[in-house]
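Right, one structure below, let's go through it.
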There are 2 protein chains.
Amino acid sequence: MSSIWQEEIAAETRAVGRISDRFIVDKVRTAVLTQRLPPGTRLPEVVLGDIFGVSRSVVRKALTRLAADYVVTQQPNQVARVRAPSVEETRETFAARRLVEGEVVALLAGRLDDAQLVTIASLVEREAEAHASGDEPSRIEHSLAIHHLLAERSPNRVLGAMLTDLILRTSIVIALYKRAGLASCYLAEDHPALLTHLRSGKSEAVRCCIHDHLQALENLLDLSTRETRIDLMAILGQREGVAE
Amino acid sequence: MSSIWQEEIAAETRAVGRISDRFIVDKVRTAVLTQRLPPGTRLPEVVLGDIFGVSRSVVRKALTRLAADYVVTQQPNQVARVRAPSVEETRETFAARRLVEGEVVALLAGRLDDAQLVTIASLVEREAEAHASGDEPSRIEHSLAIHHLLAERSPNRVLGAMLTDLILRTSIVIALYKRAGLASCYLAEDHPALLTHLRSGKSEAVRCCIHDHLQALENLLDLSTRETRIDLMAILGQREGVAE
DNA sequence: AACAGGGTTTCTGTATACAAAAGCTCCAAC
DNA sequence: GTTGGAGCTTTTGTATACAGAAACCCTGTT
């Protein structure tokens with residue numbers, strides 16, 4: 001039973017002794033994020049159970065959580081599948097994130113202490129380095145870390161949790177709808193500018209900054225009206241399962 | 001095994017033949033909303049299973065969903081309990097809802113068709129009547145229906161879903177923190193004014209209107225710093241289970 | 001060649017059994 | 001009076017068995 005998670009499962013088993021549903025959620029989530037599990041992929045409970053070496057009970061719990069996170073779809077009596085957000089939903093997710101992240105950074109403006117600002121600055125720097133050296137996965141990781149840090153430090157934790165969700169969802173659709181020719185969705189100026197404005201403490205400036213950043217990101221996507229094609233793929237597409 | 005849901009379970013069994021996890025989620029949720037299940041109440045899986053006549057599998061699924069909806073808390077190897085949001089979380093939930101619902105109604109302003117406006121008008125009227133006749137449960141039902149309708153009709157469905165969640169969460173904390181002396185959290189002018197502004201089509205006016213409405217609602221709550229007492233009650237309070 | 005239909009296979013829904021963890025009770029010791 | 005701990009009870013975690021639904025495949029017919 002070979003799978004894309006072979007080594008990680010072995011490592012986890014060695015370290016913790018047992019695979020938890022959280023572990024499965026995490027692995028499936030990142031696989032979707034990195035498009036190793038394309039939209040429409042069937043995720044039968046027994047197959048996942050075999051791969052991770054657990055019974056269906058654990059897999060079911062993981063799938064329920066993934067469904068709550070909008071990563072997979074679960075319909076009664078049908079196999080869970082990797083979700084394929086439509087173009088429309090993509091636009092709406094970005095709009096929602098602009099609203100929520102805008103408010104979060106507005107609340108955060110001028111309220112971050114030096115240590116946190118330094119952390120962000122270092123992440124911005126490392127993102128730029130990763131991009132310069134062509135290491136796109138590492139670049140994405142650092143970029144996500146910046147936004148996750150903002151969500152985590154949100155003075156309003158309810159909004160923070162909502163933002164965490166939205167960051168995941170936008171990441172998935174970015175992976176899905178990235179223009180074919182584009183190597184990276186990197187906007188060199190944006191994160192440094194964000195940092196500057198966060199330091200300045202002007203709420204409305206930061207809100208605007210993040211707003212423009214997210215709008216620019218959305219504009220980098222290919223959201224032309226291929227939606228019908230994508231939808232059909234999601235509904236009819238028969239792809240092989242997760243096992244290789 | 002007598003319970004607060006006896007008749008509804010009998011009815012559902014007669015109608016559908018089997019109790020689904022959705023049914024359990026719904027019943028627990030409304031019981032929390034109406035404070036028949038106060039915060040901290042233990043919800044052991046077997047007890048719920050006995051009450052609803054299903055096995056633990058179904059109950060577990062229901063509890064997982066309720067946890068995702070922030071209605072109950074689930075910690076490893078511990079009984080699920082009805083959640084007791086803190087004063088701080090209450091304030092944050094209201095702030096989040098002001099942001100999201102404000103945006104939703106701003107998007108909605110002037111875009112509702114006549115039929116929908118008539119529906120809202122009728123709900124506003126019926127809420128007023130229920131309040132006049134002292135029927136508070138019915139008043140709450142109509143009030144919730146108005147806001148749920150707005151969430152459902154949101155042009156941005158992602159924001160709409162988020163609003164649905166926030167309406168539920170604010171309802172729970174309203175029930176929790178309502179001033180002891182207050183019979184009802186009814187603001188006679190607010191919903192009619194909202195309707196007028198929705199008709200007018202002025203986005204910013206509607207946003208302001210809903211913002212003020214939600215702020216007024218929050219101000220009706222007793223959020224004085226008894227939080228420690230509430231928190232202790234939630235953590236240490238041993239109440240009897242759901243069975244009577 | 002396209003299509004309908006029946007049987008088989010696959011997969012999910014639910015119940016249940018057993019193991020392990022947490023909580024409780026009661027008693028003894030300080 | 002309070003603390004500590006052993007043993008019991010309660011409750012969850014996980015695996016598994018079986019039933020039923022959906023999907024698939026293969027055949028026979030038009």
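Residue numbers begin at 1 in each chain, while the letters A, B, ... track the order of the sequences.
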- Which whole-number value in Å describes the distance from A:R22 CZ to D:dT14 P? 10 Å

- Task: Starting at the 5' end of nucleotides 5-15 of chain C, put B wherever the base has a protein heavy atom under 4.0 Å, S where only the sugar-phosphate does, and a dash everywhere else.
- Result: ------SBBBB

- Query: Got more than 12 heavy atoms from elsewhere within 6.0 Å of CZ, A:R22?
  - Reply: no

- Could you list all the salt bridge (charged side-chain N to carboxylate O under 4.0 Å, His left out) pairs where at least one residue sits in residues 60-78 of chain B, not counting sequence neighbours? B:D21-B:R65, B:R29-B:D69, B:E45-B:R60

- Task: Apply salt bridge (Lys or Arg N to Asp or Glu O under 4.0 Å) to A:K27 and list each qualifying residue two or more places apart in sequence or on a separate chain.
- Result: A:E8

- Message: Under a plain distance cut-off of 3.5 Å, with no hydrogens placed, do B:T13 and B:R18 share a side-chain donor-acceptor pair?
- Response: no

- Query: Of A:R97, A:E103, A:H147, which is the lone residue that meets side-chain contact (heavy atoms from CB on, under 4.5 Å) with A:I210?
  - Reply: A:H147

